[in-house]
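Values below: every heavy atom of this structure, side chains too, minus hydrogens, waters and symmetry copies. These numbers were taken from a predicted model, which means no experiment stands behind them.
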Amino acid sequence: TVLAGPGVLDEYLMLADHALGDPSWVMGRVLDTLGPVVYAVLHWVYIELPVAAIVVAVWQLRRVVDSGRWPSHYLVRTFLVLGLVGPLVYVIFPVVGPMFAFGPDGHGLQVGNYWPDVVPPIDRSPGALPFDEATPRNCMPSMHTAWALAVFLHSRRDVDGSPAPRWLRWGGTFWLLATLAATLGFGYHYGVDLVAGAVLCLTVESALREPERGWGWFRVRLVGAGAVILVTLLLGYRFLAVPMADYPVPAGTIVLALLAGMTAAFHATWFAHRTPAAEPIESAR
C-alpha cells in the first residue's frame, strides 16, 4: 500500500466525514472522558478480533469431526474473501487515518495536530498528502468493521438456520459495537471508512451465503447493488468531498440511506421469514 500510494487521500475523507458529523473526533473525545479502563477494554477487543472469529468458527464447525462433513458456508470463508478484496481498495484509495494525517502520530507529515480536540477547518482545495514509507494505507474501507460485522452476522444463526444460543448472539453484538467504537475512538478510521467496510461485508457475504440456493436474481441483484453502492461511495468521497462538507445534512442522509438500503435488502433476502432447515453440507474433504 505504501508503494502504490506515496500520497494519501485523507484530506478528502476528512471533508466527506463532515457529512456524518466527524464521528472519529467525537468518539476520540468520548474515550478520553471515559478513561483508561474503557480504553483498555476497547483496545483488547480491537486487537483480538481473531479471538471472536475463532469462537464463532469453532461453534459453526463443532459437528465436523463427528459427521465428517462441512457446512456449505461458515465464517472462515467470509473472512478469507474479505481479506483478499479489501486490500485491493487500499491500493486505489490510500488513507492512513485521522491520528496520523491530523494527529500526533504523523511524524511531522500531518496537516496539523487537530485530532481529537479540534475539527480541522474546511479546505476547499484538498489534495493528496505526501506521507512516510512506514505507515500502511489501510483505512478505506475499514476491514475491522467488515470482519466484525461478519462475526455479528454469523453469530445470529447456526449453519442449519436455527437461532444461535443467546451467549453467542450477545457476544457477536458486543464485539461489533466495541470494534466500531474502537476504530473511531482510537483515530484509526473515519466514519465513511466504516460505511464502506459494512457495505463490502454485506456484498461479500451475499455472494457466499447459502450456496445451495444458486445464483438466482435474488443474489445477483444484491451483490450487484452492493458493488455499485461501494463504487458510488468511493467516487463520492473522492470527487464530491467538498460538496459533502458544504452540505452535510443531505450528503450524510444519502450515505446513510445507501447503507440502510443495502442492510434492509440483505436482511430481507437472508434473514426475514427464514425457517430452520436441514443442515446444508458439503462432501468430506
Between E212 and H73: side-chain donor-acceptor atoms closer than 3.5 Å = no
State plainly whether the residues R29 and D22 are in salt-bridge range, i.e. N to O under 4.0 Å.
-> no
Is there a path of hydrophobic side-chain contacts, each under 4.5 Å between heavy atoms of I, L, V, M, F, W or Y residues, that connects I47 with L194?
-> yes
Side chain to side chain contact (heavy atoms under 4.5 Å, CB included) test vs W175 passes for just one of V55, L149, L49, namely L49
Non-hydrogen atoms of A146 and C201 that approach each other most closely | O-SG, 3.3 Å
Are the side chain of S142 and the backbone N or O of G197 linked by a donor-acceptor pair below 3.5 Å?
-> no
Would you check if the side chain of T135 reaches a backbone N or O of D132 as a donor-acceptor pair within less than 3.5 Å?
-> no
Taking S206 for its side chain and L202 for its backbone only, find out whether a donor-acceptor pair lies under 3.5 Å.
-> yes
To the nearest 0.5 Å, atom NE2 of H107 lies from atom CZ of F131 at 7.0 Å
Can you tell if the side chain of L180 reaches within under 4.5 Å of the side chain of L176, non-hydrogen atoms only?
-> yes
Of L235, L234, I229, L233, which is the lone residue that meets side chain to side chain contact (heavy atoms under 4.5 Å, CB included) with V231?
-> L235
Can you tell me if Q110 uses its side chain to pair, donor with acceptor, with the backbone of F100 under 3.5 Å?
-> no
What is the distance from atom CZ of R124 to atom CG of L15, rounded to the nearest 0.5 Å?
-> 9.0 Å
Quick one: do R213 and T269 satisfy side-chain hydrogen bond (donor to acceptor under 3.5 Å, both in side chains)? Show the steps, please.
-> CA-CA 12 Å; R213 292 177 62 183; T269 302; over 6 Å; no
Search all heavy atoms of A53 against all heavy atoms of L75 and return the closest pair with its distance.
-> O-CD2, 3.5 Å
How far apart are the closest heavy atoms of A150 and L82, and which atoms are they?
-> CB-CD1, 4.4 Å
In the single-linkage hydrophobic clustering (I, L, V, M, F, W, Y; side-chain heavy atoms under 4.5 Å), do L256 and I254 co-cluster?
-> yes
Could you check whether the rings of F186 and Y188 sit parallel, tilted or perpendicular, using 30° and 60° as the cut-offs?
-> perpendicular
Donor-acceptor pair, side chain of Y12 and main chain of P126, under 3.5 angstrom = yes
Does the gap between the ring centers of W270 and F218 come in under 6.0 Å?
-> yes
Side-chain contact, heavy-atom cut-off 4.5 Å: L109 with L129?
-> no
Look at the rings of H43 and Y39 and say which category their plane angle falls in: under 30° parallel, 30 to 60° tilted, over 60° perpendicular.
-> parallel
Given side chains that start at C-beta, do those of P23 and L184 come closer than 4.5 Å, heavy atoms only?
-> yes
V199 to G226 - nearest heavy-atom pair and separation = CG1-O, 3.6 Å
May I have the step-by-step check of side-chain contact (heavy atoms from CB on, under 4.5 Å) for L230 and T203, ending in yes or no?
-> CA-CA 9 Å; L230 182 59; T203 304; 5.8 Å; no
With a 4.5 Å heavy-atom cut-off, do V56 and L168 have their side chains touching?
-> yes
Same cluster or not: are Y46 and L177 linked, directly or through other Ile, Leu, Val, Met, Phe, Trp or Tyr residues, by side-chain heavy atoms under 4.5 angstrom apart?
-> no
Give the intermediate values and the outcome of side-chain contact (heavy atoms from CB on, under 4.5 Å) for residues T263 and F266.
-> CA-CA 5 Å; T263 303; F266 183 90; 5.7 Å; no
Residues passing the ring-ring contact (aromatic ring centres under 6.0 Å, His included) test with W170, sequence neighbours excluded, are none
Minimum-distance pair of heavy atoms, taken over all atoms of N113 and G103 | OD1-O, 3.2 Å
Would you say P94 and L9 make side-chain contact, with heavy atoms under 4.5 Å?
-> yes
Side-chain donor-acceptor pair present, D17, Y237, cut-off under 3.5 Å | no
Counting N and O atoms only, with roles assigned by atom type, does the side chain of R169 sit under 3.5 Å from a partner on the main chain of A164, one being a donor and the other an acceptor?
-> yes
Report whether L153 and V223 are members of the same hydrophobic cluster (ILVMFWY, side-chain heavy atoms less than 4.5 Å apart, transitive linking).
-> no
Side-chain touch P116/D32, heavy atoms, less than 4.5 angstrom = yes
Considering residues, nucleotides and ligands other than W217, do more than 12 of their heavy atoms fall under 6.0 Å from its CH2?
-> no
In short, G172 meets S155 closest at the heavy-atom pair CA-OG, 3.5 Å
Between W25 and V118, is there a donor-acceptor pair closer than 3.5 Å when you use the side chain of the first and the backbone of the second?
-> yes
Report yes or no: do Q60 and H154 form a side-chain donor-acceptor pair below 3.5 Å?
-> yes
Look only at the side chain of R156 and the backbone of F271, and say whether a donor-acceptor pair between them is shorter than 3.5 Å.
-> no
When rounded to the nearest 0.5 Å, the distance separating OG1 of T1 from CG of L88 is 12.5 Å
Verdict with reasoning, V151 to T179, per side-chain contact (heavy atoms from CB on, under 4.5 Å) | CA-CA 11 Å; V151 169; T179 299; over 6 Å; no
T253 vs V249 side-chain heavy atoms within contact, under 4.5 Å = yes
Please confirm whether the backbone N or O of S24 pairs with a side-chain atom of W115, one donor and one acceptor, at under 3.5 Å?
-> yes
Are F93 and V228 connected, step by step, through hydrophobic side chains (Ile, Leu, Val, Met, Phe, Trp, Tyr) whose heavy atoms are closer than 4.5 Å?
-> no
Steps toward salt bridge (Lys or Arg N to Asp or Glu O under 4.0 Å) verdict (R137, D10) = CA-CA 10 Å; R137 282 71 159 143; D10 286 74; over 6 Å; no
Passes side-chain contact (heavy atoms from CB on, under 4.5 Å), D246 versus V242? Steps please.
-> CA-CA 6 Å; D246 287 337; V242 174; 3.5 Å; yes
Is there a donor-acceptor contact under 3.5 Å from the side chain of H18 to the main chain of M244?
-> no
Indicate whether the side chain of S72 and that of R77 have a donor and an acceptor atom separated by less than 3.5 Å.
-> no
Mind checking whether R63 and D158 have side chains closer than 4.5 Å, heavy atoms only?
-> yes
